[in-house]
Amino acid sequence: MLLLLSAAPAAAQTTNAAVAAPAPPATPRQALKLGLFSSETIGLSYERQLAPRTSLQASLGGWFNGYDGGRGFVYDSAYFYPVPLQRYRARRQRLALTVQLRRYLQPTKPALAGWYVGAGAQLLGQWTRYRFDDGHTERNHYHEQNLQLRFGRQCQLGPRFTFDVGLGPELVVGTEPRYVYNANTGFYALGSERYFYARPAFGMALQAGYRF
């Protein structure tokens, strides 16, 4: 009887310790990343694990820049360099949405880490405004679709942070306004017709992320 009474407090302490033990931390299955995910496109990416070695990533971003230019060039007879007859200041804006399905190649790695191959598609729109020195303004826009193949590696930087590097070819298809020559002004101007184009390209992604 005394033996049972002396063992009771030890059993109670063991039970309390088991109840008070913290649960193991959840394994990260998602990642939020910031950086360059396509040519001239910077924004946010969200990646989620779908299976032990498969994930889906969605990215949304844009790019803004301005530049000076001209059109209707003639050559200066004294210095032999082209002089634009019309000068303008252009402002360009891009917006891109990308979806990518990834397959990680190393089963022993933690979720969303290691070498991977990814296939995806991108929708991109670009808007450009030309403001000429004479005061008038012209606008141009085009949209395109990219089919992308990426080979890369998502490196662990500690238990949560990552750095994602991806490279690969892509096929770009889209439509763009056709420029038409105006005999009255002697310049090419945007017409109402659009033409279709398809060209191969090469893309790169560099993103810093946090897994959770």
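Bear in mind that the values here come from a model prediction, so they are computed numbers and not experimental data.
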_Arg103 side chain to Thr54 side chain, donor-acceptor N/O pair below 3.5 angstrom_ = yes
*Looking only at heavy atoms, which two atoms of Thr41 and Ala96 are closest? And how far apart?*
CG2-CB, 3.7 Å
*asked:* Please give me the minimum heavy-atom distance between Ser45 and Gln207, naming the atom from each residue.
replied: OG-OE1, 2.5 Å
*Between OG1 on residue Thr98 and CG on residue Leu123, distance to nearest 0.5 Å*: 8.0 Å
*If we ignore angles and hydrogens, is there a donor and acceptor under 3.5 Å between the side chains of Tyr197 and Glu144?*
yes
*State the CZ-CH2 distance between Arg92 and Trp127, to the nearest 0.5 angstrom.*
13.0 Å
*asked:* Hydrogens and angles aside, do Gln156 and Lys109 bring a side-chain donor and acceptor to less than 3.5 Å of each other?
replied: no
_Set out, in order, the CA-CA distance, both residues' side-chain angles and the distance that settles side-chain contact (heavy atoms from CB on, under 4.5 Å) for Gln86 and Asp133, then state yes or no._
CA-CA 7 Å; Gln86 286 187 320; Asp133 288 347; over 6 Å; no
*asked:* Please determine whether a side-chain nitrogen of the Lys or Arg among Arg150 and Glu170 lies less than 4.0 Å from a carboxylate oxygen of the Asp or Glu.
replied: yes
*How close do Gln106 and Gly114 get, heavy atom to heavy atom, and via which atoms?*
OE1-CA, 3.5 Å
*Would you say Gln93 and Gln126 make side-chain contact, with heavy atoms under 4.5 Å?*
no
_Gap between atom SG of Cys155 and atom CG of Asp164 - 0.5 Å precision_ = 8.5 Å
_From CA spacing to verdict: side-chain contact (heavy atoms from CB on, under 4.5 Å), Leu101, Leu50_ = CA-CA 10 Å; Leu101 183 66; Leu50 302 179; 4.2 Å; yes
*If you take all heavy atoms of Phe163 and Leu157, which pair is closest and at what distance?*
CB-CD1, 4.0 Å
*asked:* Could you work out, with side chain to side chain contact (heavy atoms under 4.5 Å, CB included) as the rule, every residue matching Asp68, not counting sequence neighbours?
replied: Arg89
*What about Leu32 and Phe161, same hydrophobic cluster or not, with Ile/Leu/Val/Met/Phe/Trp/Tyr joined at side-chain heavy-atom distances under 4.5 Å?*
yes
*Is a donor on one side and an acceptor on the other found under 3.5 Å between the side chain of Gln154 and the backbone of Leu112?*
yes
*For the student: nearest non-hydrogen atoms of Leu167 and Met204, plus distance*: CD2-CG, 3.3 Å
*Joint hydrophobic cluster, Leu171 plus Phe196, side-chain heavy atoms closer than 4.5 Å*: yes
*Mutual orientation of the aromatic rings belonging to Phe132 and His136 [parallel < 30°, tilted 30-60°, perpendicular > 60°]*: parallel
*Residue that, paired with Tyr104, satisfies ring pair (Phe, Tyr, Trp, His ring centres under 6.0 Å) out of Tyr116, Trp115, Phe151*: Tyr116
_Interatomic spacing from OG in Ser59 to CG in Leu36 - rounded to 0.5 Å_ = 10.5 Å
*Could you tell me which non-hydrogen atom of Thr175 sits nearest to which non-hydrogen atom of Tyr142, and how far apart they are?*
O-CB, 3.2 Å
*Same cluster or not: are Leu56 and Tyr46 linked, directly or through other Ile, Leu, Val, Met, Phe, Trp or Tyr residues, by side-chain heavy atoms under 4.5 angstrom apart?*
no
*Verify the cluster assignment for Val165 and Tyr210: are they in a single hydrophobic cluster under the rule of side-chain heavy atoms below 4.5 Å apart?*
yes
_Heavy-atom side-chain proximity of Arg48 to Ser55 below 4.5 angstrom_ = no
*Do Gln49 and Gln30 pass the side-chain contact (heavy atoms from CB on, under 4.5 Å) test, and can you show the C-alpha distance, the side-chain angles, and the key distance before you say yes or no?*
CA-CA 6 Å; Gln49 187 181 43; Gln30 306 171 80; over 6 Å; no
*To the nearest 0.5 Å, tell me how far Phe64 CZ sits from Arg91 CZ.*
7.0 Å
*Thinking salt bridges, do Arg211 and Glu47 make one under a 4.0 Å N-O criterion?*
no
*With a cut-off of 6.0 Å (strictly less than), are more than 12 heavy atoms of other residues, nucleotides or ligands near CZ of Arg131?*
no
*Rounded to the nearest 0.5 Å, how far does OG of Ser38 lie from CD of Gln122?*
3.5 Å
*Using the rule that two of Ile, Leu, Val, Met, Phe, Trp, Tyr join whenever any of their side-chain heavy atoms come within less than 4.5 Å, decide whether Trp63 and Leu60 are in one cluster.*
no
*Might you work through the side-chain contact (heavy atoms from CB on, under 4.5 Å) test for Leu124 and Val172, ending with a clear yes or no?*
CA-CA 10 Å; Leu124 183 143; Val172 181; over 6 Å; no
*Let me see the working for Asp134 and Arg87 under salt bridge (Lys or Arg N to Asp or Glu O under 4.0 Å), right down to the final yes or no.*
CA-CA 8 Å; Asp134 61 8; Arg87 294 181 179 273; over 6 Å; no
